[in-house]
Amino acid sequence: QLAHIAIDITTFGAHPSLADNTPHILSAIMSANEGDTVIVPQGIYNITQSIVIDKNINFEMHGTFNVLHDGVALEFRALGRATTFIPKVRVKLVKSQANHLSDTSKGLVINSCYGMDIRVDYLSNFTTNLEVTATEGRGCVYNNFSLGQIYNGKTQLKITTDGNELSWSNQNTFVGGRLYYPNAGN
């Protein structure tokens with residue numbers, strides 16, 4: 001078996017000064033094999049499209065994604081199944097402008113994942129900051145969330161399914177966290 005490697009997104013051309021780092025980040029993710037770690041170094045990286053990770057890799061953000069679009073910023077989909085590898089995730093996401101009346105943005109979506117370790121340092125300014133969901137008759141279970149600041153979203157944390165009677169989202173563990181909306185009542 002090959003050794004797991006660390007993949008720095010800057011190796012693929014990402015840089016805090018760029019208007020859009022999305023293609024460089026996606027290239028780094030595509031190059032990763034199961035068990036590898038994609039690293040976002042210190043800095044603020046603009047993204048203009050959704051980033052979906054659907055393979056069992058670690059994703060470690062020391063820097064921050066500045067999200068310049070509506071929709072989902074970062075989604076982990078159907079991870080942790082049929083493997084002994086436990087994906088580890090560390091996330092920092094900020095939407096550049098909050099407009100909860102006109103957008104349907106989501107910061108971090110954990111979709112039908114199993115047994116992941118997820119550390120959320122902060123999420124801010126999305127309509128839904130963190131969504132834990134299950135779709136297509138699958139479950140989203142046994143994930144361990146370590147929460148930091150989740151704030152200034154219309155909804156800070158949403159746990160749901162797609163309505164399919166075979167989908168379930170339960171038995172996840174949430175530790176810590178400060179979930180708040182600083183302008184409530186103002």
Seminar exercise, completed: Rounded to the nearest 0.5 Å, the CD atom of Gln156 sits from the CG atom of Leu179 at a distance of 6.0 Å
Exercise. Just one of Lys92, Gln42, Arg90 clears the side-chain hydrogen bond (donor to acceptor under 3.5 Å, both in side chains) bar with His62, so which one?
Worked result: Arg90
Exercise. Are the side chain of Asn164 and the backbone of Glu136 linked by a donor-acceptor contact shorter than 3.5 Å?
Worked result: no
Problem set entry | Joint hydrophobic cluster, Ile57 plus Leu26, side-chain heavy atoms closer than 4.5 Å | yes
Exercise. Would you call the rings of Tyr45 and Phe65 parallel, tilted or perpendicular if under 30° counts as parallel and over 60° as perpendicular?
Worked result: perpendicular
Exercise. Which distance, rounded to the nearest 0.5 Å, do you find between the OG1 of Thr64 and the CD1 of Ile47?
Worked result: 11.0 Å
Exercise. Between Thr133 and Asn111, do the side chains contain an N or O donor and an N or O acceptor separated by less than 3.5 Å?
Worked result: no
Exercise. Do Asn58 and Thr37 have side-chain atoms, one donor and one acceptor, less than 3.5 Å apart?
Worked result: yes
Problem set entry | Under the ring pair (Phe, Tyr, Trp, His ring centres under 6.0 Å) test, residues paired with Phe12 that sit two or more places apart | none
For this session: Identify the two heavy atoms, one from Thr48 and one from Ala19, that lie closest to each other, and give their separation to 0.1 Å.
Result: CG2-O, 4.2 Å
For this session: To the nearest 0.5 angstrom, please state how far the CD atom of Glu131 sits from the OG1 atom of Thr160.
Result: 6.5 Å
Exercise. Would you say Thr135's side chain and Asp162's backbone share a donor-acceptor pair under 3.5 angstrom?
Worked result: no
Exercise. Who else is in the cluster with Tyr151 when I, L, V, M, F, W and Y are joined by side-chain contacts under 4.5 Å?
Worked result: Val94, Tyr122, Tyr180
Problem set entry | Gap between atom CD1 of Ile9 and atom CD1 of Ile39 - 0.5 Å precision | 10.0 Å
Exercise. Between OG1 of Thr10 and NE2 of His24, what distance do you get to the nearest 0.5 Å?
Worked result: 11.0 Å
Exercise. Is it the case that Asn46 and Asp20 place a side-chain donor and acceptor less than 3.5 Å from each other?
Worked result: no
Exercise. If you take all heavy atoms of Cys140 and Ala134, which pair is closest and at what distance?
Worked result: N-CB, 3.8 Å
Problem set entry | Heavy-atom side-chain contact between Val91 and Leu74 under 4.5 Å | yes
Exercise. Any chance the side chains of Ser124 and Asn152 put a donor and an acceptor closer than 3.5 Å?
Worked result: no
For this session: State whether the number of non-hydrogen atoms from other residues, nucleotides or ligands found under 6.0 Å of Leu166 atom CG is greater than 12.
Result: yes
Seminar exercise, completed: Interatomic distance, CD1@Ile110 vs CG@Leu130, rounded to 0.5 Å, equals 7.0 Å
Exercise. Under the 3.5 angstrom rule, does the side chain of Asp117 hit a backbone N or O of Lys88 as a donor-acceptor pair?
Worked result: no
